Amino acid sequence: MIVKKFLLLLFLLFFLSACDKQQSAKELDGKALLEQKCASCHDLNMPPLLDEKEVAPPMMAVAFHVYDFIQVNDESQKNSKAIDFVVDYVKEPSIEKAFCDKESLKKYGLMPSLKTSVNDDESRAIANYIFSHFTPKKLSEIMELKIKYDALPDGEKISLKYNCMVCHNKEKDLVGPSFKKIQEKFATNKKAMKQSIQDGSRGKWGGKATMPSFNQIEAKELETLVKWIITLP
Ligand code: HEC
Ligand code: HEC
């Protein structure tokens with residue numbers, strides 16, 4: 001179950017990180033810095049993986065929390081005020097400044113100052129990234145993707161896990177033949193199809209492209225995958 005969840009998150013984050021890269025072509029890479037400087041304590045997943053042994057609030061919670069609690073007269077200043085808060089907090093955390101409730105502060109203890117390992121420009125790049133990445137809008141997009149993903153048949157999930165769909169499509173020929181054609185060829189021979197997937201394939205469909213071997217797929221997964229392809233409507 002946990003492995004499944006982890007893979008799902010990887011799959012989702014892959015999509016989202018691909019989008020993020022295009023947006024922030026700033027000098028300092030806030031995402032990379034966040035991973036380097038903050039991930040040892042803060043969980044960076046969205047939604048966070050629930051971990052009883054966590055030593056700090058998940059970064060999504062920090063971002064939502066700071067954004068909700070920051071006081072501004074003019075809404076348009078909210079983002080820059082929130083960024084200023086983070087830059088200052090990374091340098092000099094204190095109980096007075098923390099938006100964190102007393103219970104949580106007790107549970108986690110105060111964050112240590114990172115002023116010797118993170119400079120202001122780096123914090124600013126990190127904070128910039130945090131407030132553009134951890135947003136309620138993105139969270140709901142991820143949850144929508146997750147709901148869609150959860151609703152897929154198990155065989156299709158396995159096909160995504162092993163990247164079959166990079167080269168195959170259900171209806172159309174891509175790099176490899178469509179699953180529809182493959183279904184026709186192996187309709188009465190599941191065993192041969194399993195063998196082909198495990199061994200890989202070349203030269204059987206008249207193209208030049210090769211399918212690599214997939215001999216690492218567990219027997220149970222392979223059974224589910226092949227059954228899914230054979231019973232596709
Ligand atoms: C050594 C562990 C550790 C590291 C590394 C760390 N933090 Fe924290 N952080 C904490 C803990 C614990 C808390 C909760 C207690 C608190 O608010 O001080 C916290 C809280 C925060 C808060 C305050 C949230 C609030 O609601 O008041 C911010 C902002 C924050 N961290 C940002 C960062 C950023 C940005 C980085 C990376 C540059 C980072 N942290 C790295 C442990 C860490
Ligand atoms: C890198 C691209 C690529 C990936 C990834 C890939 N395939 Fe293929 N697949 C092909 C190509 C190309 C062919 C046709 C090869 C040939 O002509 O023999 C093919 C053929 C097949 C065949 C027919 C083999 C035969 O003996 O006729 C099956 C079944 C198949 N793929 C299933 C899968 C499954 C299931 C996955 C994921 C586990 C997968 N493929 C991943 C490219 C790929």
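Computed from a predicted model, the values in this text were never measured in an experiment. Keep in mind that the numbers below use all heavy atoms, side chains included, and drop hydrogens, waters and symmetry copies. Numbering of ligands and ligand atoms starts at 1, following listing order.
Residue contacts to atom 8 (Fe) of ligand 2: Ser201 brings no N, O or S atom closer than 2.8 Å. Checking His168 against atom 8 (Fe) of ligand 2, an N/O/S atom falls under the 2.8 Å cut-off.
A heavy-atom cutoff of 4.0 Å around ligand 1 is satisfied by the protein residues Lys37, Cys38, Ser40, Cys41, His42, Val55, Ala56, Pro57, Met59, Val62, His65, Val86, Tyr89, Val90, Ala98, Phe99, Cys100, Leu105, Tyr108, Gly109, Leu110, Met111, Pro112, Leu114, Ile126.
With rounding to the nearest 0.5 Å, the separation of OG1 in Thr224 from CD1 in Ile158 is 4.5 Å. To the nearest 0.5 angstrom, Ser178 atom OG is 7.5 Å from Glu184 atom CD. Here the CD atom belonging to Gln195 is positioned 12.0 Å from the OG atom belonging to Ser201, to the nearest 0.5 angstrom.
Under the 4.0 angstrom criterion for non-hydrogen atoms, Val166 is not in contact with ligand 2. The shell of residues lying under 4.0 angstrom from ligand 2, judged by heavy atoms, excludes Ser159. Using a 4.0 angstrom heavy-atom cutoff, Pro177 counts as in contact with ligand 2.
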Lys137 vs Glu141, salt bridge (charged side-chain N to carboxylate O under 4.0 Å, His left out): CA-CA, chis, key distance, verdict: CA-CA 6 Å; Lys137 183 161 172 276; Glu141 283 167 12; 3.5 Å; yes
Evaluation steps, side-chain contact (heavy atoms from CB on, under 4.5 Å), between Leu139 and Phe64: CA-CA 11 Å; Leu139 178 63; Phe64 284 11; 4.0 Å; yes
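Glu223 places a side-chain heavy atom less than 4.5 Å from the side chain of Lys194. For the pair Val86 and Val90, the minimum side-chain heavy-atom distance is below 4.5 Å. Between Trp205 and Ile182 the shortest side-chain heavy-atom distance falls below 4.5 Å. Inter-residue side-chain proximity for Ser159 and Leu225 is flagged as met; some heavy-atom pair is nearer than 4.5 Å.
Atoms of ligand 2 found under 4.0 Å from any heavy atom of Ile182 (numbered from 1 in listed order, with element): 21 (C), 22 (C), 28 (C), 29 (C), 30 (C), 31 (N). Under a 4.0 Å criterion applied to the non-hydrogen atoms of Met193, ligand 2 contributes the atoms 29 (C). Ligand 2 places these atoms under 4.0 Å from at least one heavy atom of Asn163: 5 (C). Close approach of ligand 2 to Arg202 is summarised as follows: ligand atoms under 4.0 Å from at least one heavy atom of the residue are 16 (C), 18 (O). Atoms of ligand 2 lying under 4.0 Å from at least one heavy atom of Phe186, given by number and element, are 23 (C), 25 (C), 26 (O), 27 (O).
Checked against the 6.0 Å centroid criterion, the rings of Phe99 and Phe85 qualify as a close aromatic pair.
The heavy-atom pair separating Ser213 from Gln216 by the smallest distance is O-OE1, 4.4 Å. Considering every non-hydrogen atom in both Ala63 and Phe134, the closest pair reads CB-CB, 3.6 Å.
Heavy atoms of Lys204 found under 4.0 angstrom from ligand 2 belong to the backbone as well as the side chain. The parts of Trp205 lying near ligand 2 are both backbone and side chain, judged by heavy-atom distances below 4.0 Å. In Leu225, the part holding a heavy atom less than 4.0 Å from any atom of ligand 2 is the side chain. At a heavy-atom cutoff of 4.0 Å, ligand 2 is contacted by the side chain of Ser196 but not by its backbone.
The distance criterion of under 3.5 Å between nitrogen or oxygen atoms is met by Lys185 with respect to ligand 2.
At a cut-off of 3.5 Å, with distance as the only test, no side-chain donor of Asp121 or Asn119 sits close to an acceptor on the other residue.
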